[in-house]
Amino acid sequence: RTHKLDPKQLKAALNDSDRTLRVHALKVLADHDPPANDIYREPIVGMLKDPDPFVRRAAADTLGLRRHSSSIPALLACWKATPADDTHLIHTLRMTLRDHLLNPIVYDEFDNWIANQVMLDDDAIDKLVNVSLGVPNERAARFILDRFHTNPKMPYVAERLAHVVRCAGESDLNNAFEVAESEQGSVASPAVIMIAVQKAVALRGVRLPDRLRAAHEELIESLLTNA
């Protein structure tokens, strides 16, 4: 905290056999602003594979404060390897990824990785979509919207589509409405999708397109008839 530890001492602490010392070294690094050429990034990323879950959580937390897009694949891999009952580590990983995604430029890298079929498998992409729900900007909305076109079995349709409608840029909004119309016939509940989209539209303060409004009215009439 007083910047008295030199790189040799910090690197030794990161590799110490004592878990407490490894965790403390990570917390020290979390308190330091990283330089442009961060010599600690690679060792910290490597500690996402540490055998101790407390160390892995500290590493994930530190990477959230020393953000760089090259850390994202390792964070996703750590999440995939984490047991579902380790909710603390999963939460830390989600928050760290969310903090990375607040920089819209990162999504351009995702597009390149996906186009070249490197770095990201389907599970990793879905995790990024999931985390993007906590990113209220146009670029996150477009990333989710693009996944509707590439993944016909998109889960959590209503929640994800509502986020797109709330946050999409003007140039993407009509596309989002077209997806909403097409999803009315999906395996997801059409009523749930309709309610989610209408709430998103109200929050945004815009009007539903006439075709989508008509589809919703038809759905409501059908639901009342069959009630």
Side-chain angles (χ1 to χ4, degrees), residues 26 38 40-164 167-168 172 175-176 179-180 182-183 186-188 193:
L26 286 164
D38 188 358
Y40 298 108
R41 183 182 300 120
E42 188 172 338
I44 297 170
V45 168
M47 294 177 80
L48 291 171
K49 296 181 179 180
D50 193 280
D52 190 287
F54 287 94
V55 176
R56 295 198 296 274
R57 193 194 312 170
D61 191 48
T62 300
L63 288 171
L65 297 166
R66 303 172 76 95
R67 295 186 286 277
H68 194 276
S69 60
S70 64
S71 304
I72 290 175
L75 289 163
L76 291 165
C78 183
W79 183 354
K80 187 174 184 177
T82 300
D85 60 357
D86 192 347
T87 55
H88 289 82
L89 178 53
I90 291 174
H91 176 73
T92 301
L93 289 163
R94 286 174 59 91
M95 295 299 290
T96 293
L97 284 164
R98 190 280 312 273
D99 290 345
H100 278 74
L101 301 189
L102 290 172
N103 179 1
I105 295 175
V106 171
Y107 285 100
D108 294 332
E109 295 194 49
F110 295 162
D111 289 343
N112 289 331
W113 293 348
I114 292 169
N116 294 304
Q117 297 183 328
V118 296
M119 300 285 198
L120 303 176
D121 59 15
D122 289 343
D123 179 76
I125 292 171
D126 194 65
K127 283 179 167 58
L128 290 173
V129 170
N130 191 306
V131 174
S132 293
L133 294 175
V135 182
N137 65 39
E138 295 180 6
R139 196 60 187 84
R142 183 182 299 168
F143 180 75
I144 299 172
L145 182 60
D146 288 344
R147 305 289 76 75
F148 275 101
H149 295 301
T150 59
N151 182 7
K153 297 182 179 180
M154 170 82 82
Y156 310 110
V157 170
E159 180 184 11
R160 295 176 175 188
L161 190 53
H163 184 78
V164 172
C167 300
D172 290 324
N175 193 353
V179 170
S182 67
E183 288 292 339
S186 71
V187 294
I193 295 173

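Please read all numbers here as calculations on a predicted model, not as lab measurements.
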Original post:
So which heavy atom on Pro136 is nearest to which on Cys167, and how close?
Top reply: CA-SG, 3.8 Å
Taking only distance into account, with no hydrogens and no angle test, what donor-acceptor pairs under 3.5 Å do side-chain atoms of residues 81-89 form with protein atoms, sequence neighbours excluded?
unit_1: Thr82; atom_1: OG1; unit_2: Cys78; atom_2: O; d: 2.5
unit_1: Asp86; atom_1: OD1; unit_2: Leu89; atom_2: N; d: 3.3

Original post:
Hey, are the side chains of Phe110 and Ile72 touching, using non-hydrogen atoms and a 4.5 Å cut-off?
Top reply: yes
**OP:** Output all residues satisfying ring-ring contact (aromatic ring centres under 6.0 Å, His included) with Trp79, sequence neighbours left out; order by chain, then residue number.
**Re:** none
Original post:
Looking at Arg160 and Asp126, does any basic side-chain N land under 4.0 Å from a carboxylate oxygen?
Top reply: yes
Subject >> Pairing of Asp123 and Lys127 as salt bridge, 4.0 angstrom limit >> reply: yes
Original post:
Considering all heavy atoms of both residues, which atom of Ser71 and which atom of Val45 are nearest to each other, and what is their separation?
Top reply: OG-CG2, 3.7 Å
Subject >> Option from Tyr107, Phe148, Trp113 for which ring pair (Phe, Tyr, Trp, His ring centres under 6.0 Å) with Phe143 holds >> reply: Tyr107
Subject >> Passing option when Leu63 is tested against Leu93, Leu26, Leu75 for side chain to side chain contact (heavy atoms under 4.5 Å, CB included) >> reply: Leu75
**OP:** Calculate, to the nearest 0.5 Å, the distance between atoms CG and CG belonging to Leu76 and Leu120 respectively.
**Re:** 6.5 Å
Subject >> Separation of Leu161 CG from Ile193 CD1 (nearest 0.5 Å) >> reply: 7.0 Å
Subject >> Arg67 (side chain) donor-acceptor with Gly64 (main chain) under 3.5 angstrom >> reply: yes
Under 3.5 Å, which donor-acceptor pairs do the side chains of residues 95-105 form with other protein atoms, sequence neighbours left out?
unit_1: Thr96; atom_1: OG1; unit_2: Ala60; atom_2: O; d: 2.7
unit_1: Thr96; atom_1: OG1; unit_2: Thr92; atom_2: O; d: 3.1
unit_1: His100; atom_1: ND1; unit_2: Thr96; atom_2: O; d: 2.8
unit_1: His100; atom_1: NE2; unit_2: His68; atom_2: N; d: 3.2
unit_1: His100; atom_1: NE2; unit_2: His68; atom_2: O; d: 3.3
unit_1: Asn103; atom_1: OD1; unit_2: Ile105; atom_2: N; d: 3.2

**OP:** Nearest 0.5 Å please: distance from the CG atom of Asp172 over to the CD1 atom of Ile144.
**Re:** 11.5 Å
**OP:** Output yes when a side-chain donor or acceptor of Asn151 lies under 3.5 Å from a complementary backbone atom of Arg147, and no otherwise.
**Re:** no
Subject >> Heavy-atom side-chain contact between Val179 and Val164 under 4.5 Å >> reply: no
Original post:
Taking His163 for the side chain and Gly134 for the main chain, is one N or O donor matched with an acceptor at less than 3.5 Å?
Top reply: no
Original post:
Minimum heavy-atom separation for Ala140 to Ser132, with atom names?
Top reply: CB-O, 4.0 Å
**OP:** Give a yes-or-no answer on whether the side chains of Arg142 and Asn175 include a donor-acceptor pair shorter than 3.5 Å.
**Re:** no
Subject >> Nearest heavy atoms of Glu109 and Ser69, plus distance in Å >> reply: OE2-OG, 2.8 Å
Original post:
Which pair of non-hydrogen atoms, one from Leu48 and one from Ala59, has the smallest distance, and what is that distance?
Top reply: CD2-CB, 4.0 Å
**OP:** Please round to the nearest 0.5 Å and tell me the distance separating atom CZ of Arg57 and atom CG of Asp52.
**Re:** 9.5 Å
**OP:** Kindly check if the number of other-residue, nucleotide or ligand heavy atoms within 6.0 Å of CG (Asn116) is above 12?
**Re:** yes
**OP:** Mind checking the OG1-CG spacing from Thr150 to Leu145? Nearest 0.5 Å is all I need.
**Re:** 10.0 Å
